[in-house]
Each structure stands twice: as structure tokens, then as C-alpha cells.
2 protein chains.
Amino acid sequence: MNRTASIKDVANHASVAVGTVSNVLNYPDRVSQRTKERVLKAIDELGFVRNDAARQLRAGHSRTVGLIVLDVGNPFFTSVVRAAEDAAGLHGSAVLLGDSGHDAGREANYIDLFQEQRVQGLLISPVGDVTERLDLLRERGVPTVLVDRLADESKFSSVSVDDDAGGYLAARHLLDTGRRRLAFVGGPTSIRQVSDRLQGAQRAVKEEAGATLEVLASEGMTVLAGRSVGNMLVERGRDELPDGIFCANDLLALGVMQSLTMTHTFRIPEDVALIGYDDIDFAVSAVVPLSSIRQPTEALGRTAIELLTEEVESQNPVHRAVVFTPELVVRQSTGKA
Amino acid sequence: MNRTASIKDVANHASVAVGTVSNVLNYPDRVSQRTKERVLKAIDELGFVRNDAARQLRAGHSRTVGLIVLDVGNPFFTSVVRAAEDAAGLHGSAVLLGDSGHDAGREANYIDLFQEQRVQGLLISPVGDVTERLDLLRERGVPTVLVDRLADESKFSSVSVDDDAGGYLAARHLLDTGRRRLAFVGGPTSIRQVSDRLQGAQRAVKEEAGATLEVLASEGMTVLAGRSVGNMLVERGRDELPDGIFCANDLLALGVMQSLTMTHTFRIPEDVALIGYDDIDFAVSAVVPLSSIRQPTEALGRTAIELLTEEVESQNPVHRAVVFTPELVVRQSTGKA
DNA sequence: TCGTACCAATGAAACGATTCAAATATTCGC
DNA sequence: GCGAATATTTGAATCGTTTCATTGGTACGA
């Protein structure tokens with residue numbers, strides 16, 4: 001096989017002009033039935049495939065959208081990605097996916113790559129602070145939507161989830177089911193998600209007379225970190241135990257659950273109610289199915305594409321920051337006490 | 001902002017010819033220091049970014065490689081993707097990632113898209129059987145490497161993992177630590193991975209006089225499926241219990257572990273040893289850290305890119321099927337009995 | 001001073017698709 | 001059968017790079 005056939009080859013083979021072949025591809029109605037058939041036959045016989053580079057060069061822009069996430073392995077982003085792909089598909093665009101792995105260097109590489117590809121726009125869950133690189137993009141007029149990050153509306157559009165509201169939701173649920181001595185597990189508080197969720201929980205507790213909230217700092221957000229907090233709790237006397245625990249994510253909650261259930265001294269939810277955050281797949285299949293806060297990831301992905309499309313199509317860029325509210329998922333771990 | 005600057009704009013701004021600008025970009029040595037500086041300054045001032053479409057049009061091929069996986073959310077593929085990206089980066093290529101989600105239609109869309117993008121080649125973990133679409137690719141001379149799928153070497157190169165060897169490894173380990181009444185949990189056996197792993201386990205058991213292997217069919221490969229198999233085991237008397245259990249993946253094993261540890265009648269590993277497959281993140285943070293079989297995902301991704309590069313660069317395509325052997329990871333769940 | 005190397009810089013041609021004004025063909029009413 | 005209106009087809013120009021044959025300069029030895 002030498003090289004792939006071009007539109008010119010097709011034109012020769014079908015004895016028509018190149019413009020006609022192009023019309024068959026793009027405006028079939030402008031072409032008579034007879035020639036259309038002839039051209040399609042030629043396309044088939046030569047195995048012609050459109051060269052997107054040429055098309056794009058002429059058009060001045062691609063039909064792709066760049067999406068850079070912090071970690072494709074994270075179920076949160078996986079879900080966002082899938083929703084974005086589907087939404088983009090509806091607009092006839094494809095998504096170029098980049099995984100920065102929390103690395104600013106990789107992020108920068110993808111930004112450069114996508115710019116060279118002349119993507120229509122960029123969805124990005126930025127590493128750390130919004131870099132000057134993003135500001136540059138903005139100045140160059142590349143429409144950009146921040147994902148999972150609240151943006152200054154004067155600069156970018158964004159889609160994010162209200163972690164404060166999620167924290168409130170979780171604590172409110174514990175209070176609603178009769179718990180009064182609550183504990184929050186999470187850390188370090190330098191993670192914005194952690195501090196926001198804590199803040200929301202504190203708000204809920206303040207509303208309820210007689211309710212208290214103890215903060216238990218964890219070293220990271222892993223199962224093991226949760227387990228060591230749990231072990232610490234087990235060593236306390238039964239009376240000093242909180243009756244409702246809110247963990248800043250599901251991994252922590254699963255760790256706490258392991259500690260508490262292993263010792264068989266405490267029952268979940270009878271002695272202690274437990275709620276996590278993120279609603280990962282494992283939550284439902286935990287020993288005691290875990291209540292959690294679910295983030296509207298599909299809506300995030302879909303809306304991000306919509307905001308981007310808006311910016312691409314409108315002349316004067318008006319930015320919007322869309323904030324979603326997460327959703328409470330009740331399972332056995334917070335059953336009535 | 002009008003439109004982005006072209007190489008011609010840069011040339012004007014720096015008062016040089018377009019060819020010179022191109023040389024600065026591609027063959028800096030051919031250009032004198034003085035002009036190079038002038039051009040770079042112009043590039044900076046105009047915010048020039050190469051248009052990859054034009055470059056690619058001229059070159060006849062892109063600097064990207066297509067990668068289509070069954071599910072980006074699956075840690076196995078996530079790891080393969082990351083390794084492939086890194087390996088491609090070393091060759092100066094980028095990876096276009098597509099997630100077929102086990103859907104033949106999405107797969108087909110990505111194949112078409114990538115062909116229009118004139119990717120250098122394609123890495124694909126195909127949905128179901130190798131479709132005629134892949135045969136078409138082959139005929140068109142698009143280098144293709146199958147991932148996680150053993151290929152007919154006369155048609156494709158491939159990278160895969162020897163599941164039979166993995167099954168053997170797991171069973172052998174149980175035997176080596178003194179267990180004799182083994183059980184295999186997995187299903188349905190129509191999944192190739194399941195039947196291969198079982199086969200390997202049977203091979204190991206046959207080698208050991210007096211050892212037996214009982215097959216416990218599960219309904220799927222989830223935690224819940226594992227738990228129901230576990231519950232069934234718990235109801236058996238102590239004497240009828242196997243003393244070593246090999247689960248076809250870690251999720252099943254975690255489910256079995258939940259059942260066995262909850263009832264506190266059986267101890268892991270004293271009464272029953274347990275080993276899974278895949279070595280997912282959760283394995284290490286299970287109540288009893290889970291022994292498992294780790295697949296060399298990084299090697300898979302890296303090698304896939306290498307095989308592809310080989311095919312791209314060589315004239316006459318010689319295909320190779322590289323099969324990796326997985327690795328045993330020993331943790332507490334199979335400690336000495 | 002001249003000729004020979006060598007080094008830099010030039011700019012037209014090419015890649016493959018789309019666009020669009022112009023040319024040509026067809027249809028329709030009468 | 002004719003002219004007007006409409007439908008179809010044509011092909012040159014264009015997008016932004018890279019390539020490469022050619023030109024213009026400079027240095028050096030004789």
C-alpha cells in the first residue's frame with residue numbers, strides 16, 4: 001500500500017471535479033443522485049478516508065475539544081470524562097483527553113499540544129493555582145472552562161460542586177436521624193475539599209441546639225488513614241464515642257468501618273452512624289453498605305461542554321460559573337439509630 | 001483577538017523569509033545566531049503557536065498514536081494508558097485516548113476518527129472478536145497492536161498477559177504454603193480470563209499429589225458475588241471448608257473476605273488462605289491485606305508502543321506477539337498456616 | 001584580485017480539503 | 001422550440017507548514 005487516496009484520486013476515478021467530491025461529502029443535497037452514486041462507489045473502491053489535517057487547515061479550527069484531568073484513574077474524573085465525551089459527540093466534536101497526573105509539567109505539555117492542534121476549546125481541571133499559562137490561553141482567545149474549580153467569572157467559565165453544601169447535607173442527615181455527638185474525619189485541611197466539607201458540617205451542627213462536632217484530623221484521605229483514626233476511637237470508652245461520623249471521603253469511611261466492625265464492640269449503625277463522601281463503587285459493597293454524598297459528575301461533564309460551546313459560538317465572551325449541589329445517598333450505615 | 005499568528009506573520013515581523021522561520025523551529029543549527037534571536041523574539045511577541053494541521057498535512061502523517069481501551073475507569077487500563085503515554089512521549093509522539101466502554105459502536109467511531117487524524121498507528125484493546133474493521137485497517141497499512149489480547153502473529157502484533165501462568169502462580173503459592181484443599185472462585189467461565197486462570201490453577205494442583213481443587217462458580221466478578229460465595233462457604237461445616245481459596249479477581253476475594261471475617265468463625269489466613277488477582281489498590285488496605293497476582297501493566301503499555309514504533313519504522317511488517325508473565329504479591333491473607 | 005568553499009537566507013511548490021464564482025446542464029411554462 | 005429559472009458541476013484560490021533548489025554573502029588561500 002503506497003499512500004492513502006486523496007479527494008483528487010477519488011475525483012479522477014469517478015471522472016468528476018474535486019469540488020464535486022467535496023460536495024458529496026459535505027452537502028449531499030447539492031449533488032445529483034447519479035454522480036453521488038458514482039462518487040461513493042469510487043470512495044469505497046479506493047478506501048478513501050478524509051484527511052482531517054487538510055480539512056482543519058482550511059477551516060481554521062478543529063472539531064476537537066481538549067480535556068485535561070488530574071487523574072483519569074479517579075472515578076470522579078472518569079465519570080466526568082465519559083459525560084463530556086457523550087455531550088461533545090452530540091455537537092459533532094471529539095474529545096482529546098490528557099491526564100496531567102497532578103503534574104504541572106505534564107499539564108503544560110498537554111496545553112501546548114492542544115493549542116498546536118487548534119482545539120476548539122479547553123476543559124481543564126488545573127493543577128494547583130490557575131497558572132499564567134491559562135491566562136495566556138485566555139488572552140489568545142482559546143475558550144476555556146475550569147472543571148471542579150470555582151473560577152473568577154471575569155476570567156473563566158467554570159463548573160464545580162459545592163462542597164460546603166455537601167458537608168452540610170451529610171451532617172444534617174446525621175442530625176436528622178437523631179445523632180447529636182458528631183465527628184468529622186479528614187485531613188489535611190489544606191485540601192480545599194476537606195475544609196469546605198468541614199465548614200458545611202459545622203454550619204449544620206450550629207443550627208441544632210445541643211449538637212456537637214469533634215474534628216478528628218487524619219493523615220491523608222486513604223483507607224489506612226481512616227483505619228488509624230478508627231483504631232483510636234475504639235480505644236476510647238464507649239461513652240466517649242461519637243454517635244455519628246462524617247468522613248471527608250469514602251476511603252476514610254471504609255477504613256473507619258474496618259476498625260469499628262473488626263472489634264465487634266460497636267455496631268454500625270446502631271452504636272455509630274457513618275457517612276462518607278464521593279459514593280465510590282465500593283461504598284455499596286462495603287460490609288455495611290455506606291451512606292455517602294454523590295457528586296453530579298455527569299452533569300459536570302455535560303455542562304462543561306455546554307459552557308464551552310456557548311463561548312465558542314458567542315462573539316463576546318460572557319463567563320458563567322455553574323455550581324452544582326451534591327446529593328445524599330442513604331444506605332445502611334446511617335440507618336435509624 | 002483576530003486570529004492566531006502564522007509563520008508568515010512571524011516572518012514579516014522579523015523581516016526574514018518564511019523558510020527561515022521554519023528552520024529556526026526545526027533546524028536551529030542552520031540559522032545564524034543573530035537571525036535566530038530576531039525570529040524567536042518575533043515568535044514571542046506575536047504569541048505564535050505552530051499549526052499542527054498544516055505541519056501534518058505537509059508531513060503526510062501526524063505525531064500521534066491512537067489508543068482505544070475498553071474502560072479507562074479500570075485500573076488495569078489506566079495504568080497501561082499512563083505507561084503508553086510516557087513511552088510515546090520519549091518518541092516525541094502524543095497519545096490520543098479513546099474509551100470504547102465495551103461498546104462496538106464507540107470503538108468504531110474512534111477507529112474512524114483516528115484514521116481521519118492520520119495517527120501513526122493504533123493500540124487497541126478490542127471489543128469482542130477482532131472485527132473486520134481492524135482487518136480493514138491492516139489492509140490500509142495502519143500499524144496496529146492489540147493490547148491485552150493474544151493476536152494471530154500473521155496479522156497483528158500484540159501484547160498480553162499469560163492468565164494461565166497467573167493462575168498457576170496463585171495456586172502454586174497456596175500449595176507452597178501448605179494448603180491442599182483448594183477452591184477456585186470465579187465466573188462465568190465464558191470470560192476468557194476466568195477460564196485461563198482456572199486452567200493454570202488446575203495445572204498446579206495436578207502437580208501436587210493429594211491436592212484437590214474445587215470450582216465455585218460466581219455470578220459475576222464483583223464484591224457482592226464474592227460475598228455470596230463466601231456466605232455459602234460459612235454455612236458449611238468447618239471440616240468441609242477449603243483451606244486455600246483463589247479468586248479470579250480481587251473484588252471477588254474482598255467479598256469472600258468480608259463474609260469470612262464478619263462471622264469471626266474463621267480466621268484468615270490461619271483457617272483459610274485467600275488470594276485474589278489484579279492487585280488493585282484496595283488489596284493492600286483490606287481488613288486482612290490481600291495477596292494477589294499483579295499484572296505488568298506498565299510493561300504492557302511500554303511494549304505496545306515499542307512494537308508499534310517497530311512497525312511504523314520498518315518497511316516489511318513483521319508482527320510479534322509478546323506475552324508477559326504476571327507476578328505474585330504476597331501479603332497477610334496467605335501468611336503461613 | 002580572483003576563484004573556491006562554505007554558510008545563510010530566500011521563496012516557490014506541495015500537501016489535501018473546502019469554498020465559491022463562473023460555466024454548463026436541465027427543467028418548466030407557454 | 002425558446003427563454004428564463006433552477007440545478008449541477010467545475011476548478012482555481014486558499015489555509016499554514018515544510019522542503020529544497022537557488023541565490024547572495026563571506027572568508028580564505030593562491
Side-chain angles (χ1 to χ4, degrees), chain A residues 2-40 42-43 46-64 92 112-113 115-120 140, chain B residues 2-40 42-43 46-64 92 112-113 115-120 140:
Chain A
N2 323 337
R3 61 178 230 300
T4 58
S6 78
I7 212 174
K8 200 182 248 165
D9 300 324
V10 174
N12 287 338
H13 197 263
S15 310
V16 297
V18 292
T20 304
V21 178
S22 175
N23 281 333
V24 169
L25 261 26
N26 301 297
Y27 307 94
D29 293 347
R30 292 188 191 164
V31 183
S32 75
Q33 188 60 28
R34 257 171 45 81
T35 41
K36 199 176 347 189
E37 279 166 10
R38 215 141 39 92
V39 170
L40 289 176
I43 286 178
L46 297 180
F48 166 77
V49 176
R50 262 222 215 45
N51 183 326
D52 202 56
R55 193 229 270 267
Q56 185 172 316
L57 174 58
R58 181 63 232 247
H61 61 91
S62 72
R63 295 169 305 131
T64 54
D112 288 347
L113 177 67
Q115 252 191 293
E116 292 192 1
Q117 305 264 357
R118 295 292 190 273
V119 293
Q120 298 182 294
R140 293 215 180 111
Chain B
N2 323 336
R3 60 178 230 300
T4 57
S6 78
I7 211 174
K8 200 183 250 164
D9 300 324
V10 174
N12 287 339
H13 197 261
S15 311
V16 297
V18 291
T20 304
V21 178
S22 176
N23 281 334
V24 170
L25 261 25
N26 302 297
Y27 307 93
D29 293 347
R30 293 189 190 164
V31 183
S32 76
Q33 189 60 28
R34 255 172 44 80
T35 43
K36 200 178 343 189
E37 278 166 12
R38 215 140 40 90
V39 170
L40 290 176
I43 286 177
L46 298 178
F48 167 78
V49 176
R50 263 223 214 44
N51 183 326
D52 201 57
R55 191 230 273 263
Q56 184 173 318
L57 174 59
R58 180 65 232 241
H61 62 89
S62 71
R63 295 169 307 129
T64 56
D112 289 348
L113 175 68
Q115 253 192 293
E116 293 191 0
Q117 306 263 358
R118 295 292 190 273
V119 293
Q120 297 182 296
R140 293 214 181 112

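Proteins get letters first, then strands, A, B, ... in listed order; numbering begins at 1 in each.
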Peer 1: Please give, in whole Å, the distance from dC15(C) C1' to I7(B) CD1?
Peer 2: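 Computing the I7(B):CD1 to dC15(C):C1' distance gives 15 Å.
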Peer 1: Measure the CD1-CG distance between I7(B) and L46(B) for me, rounded to the nearest 0.5 Å.
Peer 2: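 Reported value, rounded in 0.5 Å steps: 12.0 Å.
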Peer 1: Ignoring backbone atoms, test whether S32(B) places a side-chain nitrogen or oxygen under 4.0 Å from the OP1 or OP2 oxygen of dA9(C).
Peer 2: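 Result: yes.
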Peer 1: Over how many whole Å does the gap from K8(B) atom NZ to dG11(C) atom P extend?
Peer 2: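 In whole Å, dG11(C) P and K8(B) NZ are 12 Å from each other.
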Peer 1: Would you indicate what T20(B) reaches in the nucleic acid, counting non-hydrogen atoms under 4.0 angstrom: base, sugar-phosphate, or nothing?
Peer 2: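 Touches a base.
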Peer 1: When you match N26(B) and N23(A) each to their closest nucleotide on DNA chain D, which lands nearer the 5' end?
Peer 2: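 Looking at the nearest nucleotide for each, N23(A) comes out on the 5' side.
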Peer 1: Which part of the nucleic acid, if any, lies within contact of D52(A), taking any heavy atom under 4.0 Å across all strands shown: a base, the sugar-phosphate backbone alone, or nothing?
Peer 2: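 Nothing, no nucleic acid heavy atom in range.
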Peer 1: Please state how far atom CZ in R30(B) lies from atom P in dT10(C), giving the value in whole angstrom units.
Peer 2: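 For the pair R30(B) CZ and dT10(C) P, the rounded distance is 15 Å.
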Peer 1: Find the distance R38(B):CZ to dA8(C):P and express it as a whole number of Å.
Peer 2: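 That distance rounds to 14 Å.
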Peer 1: Would you please confirm or rule out a distance under 4.0 Å between OP1 or OP2 of dT19(C) and any side-chain N or O of Y27(A)?
Peer 2: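 True: Y27(A) side-chain N/O within range (under 4.0 Å) of dT19(C) OP1/OP2.
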Peer 1: About how many Å separate OG1 of T4(B) and CG of N51(B), when rounded to the nearest 0.5 Å?
Peer 2: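 It comes to 7.0 Å.
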Peer 1: At under 4.0 Å, does any side-chain N or O of T35(A) touch on OP1 or OP2 of dT8(D)?
Peer 2: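 T35(A) to dT8(D) OP1/OP2: no side-chain N or O under 4.0 Å.
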Peer 1: To the nearest 0.5 angstrom, please state how far the CZ atom of F48(B) sits from the CZ atom of R140(A).
Peer 2: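 With rounding to 0.5 Å, CZ (F48(B)) is 10.5 Å from CZ (R140(A)).
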Peer 1: Could you tell me whether the side chain of N26(A) reaches within less than 4.5 Å of the side chain of R50(A), counting heavy atoms only?
Peer 2: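 They are in contact (side-chain heavy atoms under 4.5 Å apart), so the answer is yes.
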Peer 1: Would the distance check show the side chain of Q117(B) and the main-chain N or O of D112(B) forming a donor-acceptor pair, the cut-off being under 3.5 Å?
Peer 2: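 Checking the backbone N and O of D112(B) against the side chain of Q117(B), no donor-acceptor pair under 3.5 Å is found.
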Peer 1: What distance do D52(A) atom CG and S62(B) atom OG have between them, rounded to the nearest 0.5 Å?
Peer 2: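 That separation rounds to 10.5 Å.
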Peer 1: In whole Å, what is the span from the CZ atom of R55(A) to the C1' atom of dC15(C)?
Peer 2: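 In whole Å, dC15(C) C1' and R55(A) CZ are 17 Å from each other.
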Peer 1: On the nucleotide dA17(C), are OP1 or OP2 found under 4.0 Å from the side-chain N or O atoms that N51(A) carries?
Peer 2: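 So the side-chain polar atoms of N51(A) never come under 4.0 Å of the phosphate oxygens OP1 or OP2 of dA17(C).
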Peer 1: For the pair made of NZ in K36(B) and P in dA8(C), what is the distance, rounded to whole Å?
Peer 2: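 So the two atoms are 9 Å apart, to the nearest Å.
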Peer 1: Let me test you: for the helix from dT1(C)-dA30(D) to dC30(C)-dG1(D), what is the angle between the axes at its two ends (five pairs each), rounded to 10 degrees?
Peer 2: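 The angle separating the two end axes equals 40°.
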Peer 1: Just by modelled atom types, is the D9(A) backbone N or O under 3.5 Å from a matching donor or acceptor in the N12(A) side chain?
Peer 2: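 Absent.
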Peer 1: What is the distance from atom CG of L57(B) to atom CZ of R118(B), rounded to the nearest 0.5 Å?
Peer 2: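 Going from CG on L57(B) over to CZ on R118(B), the span is 10.0 Å.
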Peer 1: What is the distance, to the nearest angstrom, from the CZ atom on R34(A) to the C1' atom on dT9(D)?
Peer 2: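 After rounding, the gap between these two atoms is 13 Å.
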Peer 1: Using a heavy-atom cut-off of 4.0 Å across all strands, would you classify V16(B) as base, sugar-phosphate, or nothing?
Peer 2: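 Answer is sugar-phosphate: V16(B) comes under 4.0 Å of backbone atoms only.
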Peer 1: Between the base of dT18(D) and the side chain of R58(B), is there a donor and acceptor pair under 3.5 angstrom?
Peer 2: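 Side chain to base: pair present.
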Peer 1: Can you tell me if the side-chain N/O atoms of R50(A) get under 4.0 Å from OP1 or OP2 in dT18(C)?
Peer 2: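 Answer is yes, contact under 4.0 Å.
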Peer 1: Take atom CD of Q56(B) and atom C1' of dC15(C), then tell me their distance rounded to the nearest Å.
Peer 2: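 After rounding, the gap between these two atoms is 11 Å.
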Peer 1: When you match G60(B) and A17(B) each to their closest nucleotide on DNA chain C, which lands nearer the 5' end?
Peer 2: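 The residue whose closest nucleotide sits nearer the 5' end is A17(B).
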